[in-house]
Amino acid sequence: MYTIVIPCRDGAATLDAQLSALLEQEASVDFEVLVVDNGSTDGTADLVRSVASNDDRVHLIDASARTGINHARNRGVEAARGDRILLCDADDIVHQGWLAAHHAAFEAGAECVGGGLDRTLPDGTVIMRQRELLFVGWDLASPFGANCGFTREVYERIGGFDETFRDGGDDTDFFWRAALTGAATVLVPDAVVTYALRADLRRVMRQHINYGRGVTHLYVRHRASGMPRSSPIRAVLSVTACLLIIVTSGRRSLRRRFAVERLAGRIGRLRESVRRRTCYL
């Protein structure tokens, strides 16, 4: 059996579309969907109860005791009945065939899986189709947290998600720890999610500053296991290139957006490096 865990905080505006996409999955496997409410103050809980009243595969799990996506993920897995866990987000939409593709990978022997993302702007424009795993400063692969999965055995082996990660890097840390025990992540390119992007570049910048802080947290956590220190020279060159693109590109240019994301990530790394008295730029 599969358990699909959706960590959620104030997701009432988008959650219904994701639940509909999940419940319409065509797969010859039993599954349940756990929406783990991490202290929502909108109508998230009422929405889930309404859907659950018409489909007993949907359940509401309370995770309001502590804020943070990893707390919600851990509460969801603790409540799960399935021995194979899949994660997705409340503001995205899984494509048809998502569950079947992940199931095929597990049946072929995978212990950890990761699918692809169609990165999509609010107007529906797909700006990038990613069918790859992530490599964040190291040679260990990890999936996107909005489209990934693992067996319960792996989860219990490594002790679940580290709730000290609060700014990003949390899913990468989980799958790196799994890989260090021998459970490598398998790419499942046919398991695709429409991934919702922010339109406002100020919000994009804040988001990626947090991601950068998370990368530095990863370095502090994993340097003893072999994660190499970043190159200051490469960081300077990257920041310089990003600034040039931002200055010379139009306000709605995709090149400008990508440059803002990269620059914000470097800013986040610097801030967290200062805070932790380390150096990962």
Side-chain angles (χ1 to χ4, degrees), residues 4-7 11 13-27 69 86-106 108 110 112-150 168-172 174-175 184-201 203-205 207-208 210-212 214-215 238 241-242 245-246 249-265:
I4 300 166
V5 174
I6 306 177
T14 58
L15 178 59
D16 190 46
Q18 178 69 295
L19 289 176
S20 295
L22 288 168
L23 297 176
E24 292 170 1
Q25 291 292 299
E26 297 175 0
I69 191 171
L86 293 171
L87 300 181
C88 58
D89 290 342
D91 57 347
D92 301 327
I93 300 177
V94 300
H95 292 199
Q96 186 56 255
W98 177 80
L99 177 56
H102 279 313
H103 174 61
F106 278 117
C112 298
V113 295
L117 301 184
D118 283 354
R119 294 185 177 271
T120 307
L121 295 174
D123 64 3
T125 301
V126 178
I127 66 171
M128 183 181 296
R129 301 184 191 276
Q130 292 182 278
R131 306 293 188 267
E132 59 193 5
L133 297 174
L134 296 171
F135 290 88
V136 185
W138 203 8
D139 59 359
L140 292 182
S142 63
F144 301 104
N147 186 3
C148 61
F150 44 85
D170 38 19
D171 35 33
T172 298
F174 178 94
F175 288 97
T185 299
V186 173
L187 175 65
V188 187
D190 293 332
V192 180
V193 166
T194 292
Y195 182 78
L197 296 172
R198 293 166 169 80
D200 182 359
L201 284 186
R203 295 182 64 196
V204 170
M205 191 159 190
Q207 180 184 41
H208 283 265
N210 286 337
Y211 289 166
V215 172
S238 177
C242 289
I245 292 171
I246 291 169
S249 299
R251 294 187 62 185
R252 297 188 177 184
S253 164
L254 290 181
R255 292 182 70 246
R256 180 186 176 91
R257 180 190 179 93
F258 295 144
V260 167
E261 291 178 356
R262 291 195 297 272
L263 178 61

Ignoring hydrogens and geometry, is there a side-chain-to-backbone donor-acceptor pair from [X] to [Y] under 3.5 Å?
X	Y	result
Asp89	Asp91	no
Gln130	Arg119	no
Asn147	Gly116	yes
Glu261	Arg256	no
Gln96	Glu26	yes
Asp92	Ala196	yes
Asp171	Ser142	no
Arg131	Leu117	yes

Cys148 and Thr185: CA distance, side-chain angles, deciding distance, side-chain contact (heavy atoms from CB on, under 4.5 Å) verdict: CA-CA 9 Å; Cys148 61; Thr185 299; over 6 Å; no

For a side-chain contact (heavy atoms from CB on, under 4.5 Å) check, start with the C-alpha distance between Phe258 and Ile127, then their side-chain angles and the critical distance, and finish with the verdict. CA-CA 10 Å; Phe258 295 144; Ile127 66 171; 3.9 Å; yes

Walk me through whether Thr120 and Asp118 qualify under side chain to side chain donor-acceptor pair (under 3.5 Å). CA-CA 6 Å; Thr120 307; Asp118 283 354; 5.8 Å; no

The criterion is side-chain hydrogen bond (donor to acceptor under 3.5 Å, both in side chains); which residues satisfy it with Asp139, sequence neighbours excluded?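 So Asp139 forms no side-chain hydrogen bond (donor to acceptor under 3.5 Å, both in side chains) with any residue.
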
What I'd like to find out is whether the side chain of Ile4 reaches to under 4.5 Å of the side chain of Val94, using heavy atoms alone.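 A side-chain contact is absent here, since even the closest heavy-atom pair is not under 4.5 Å.
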
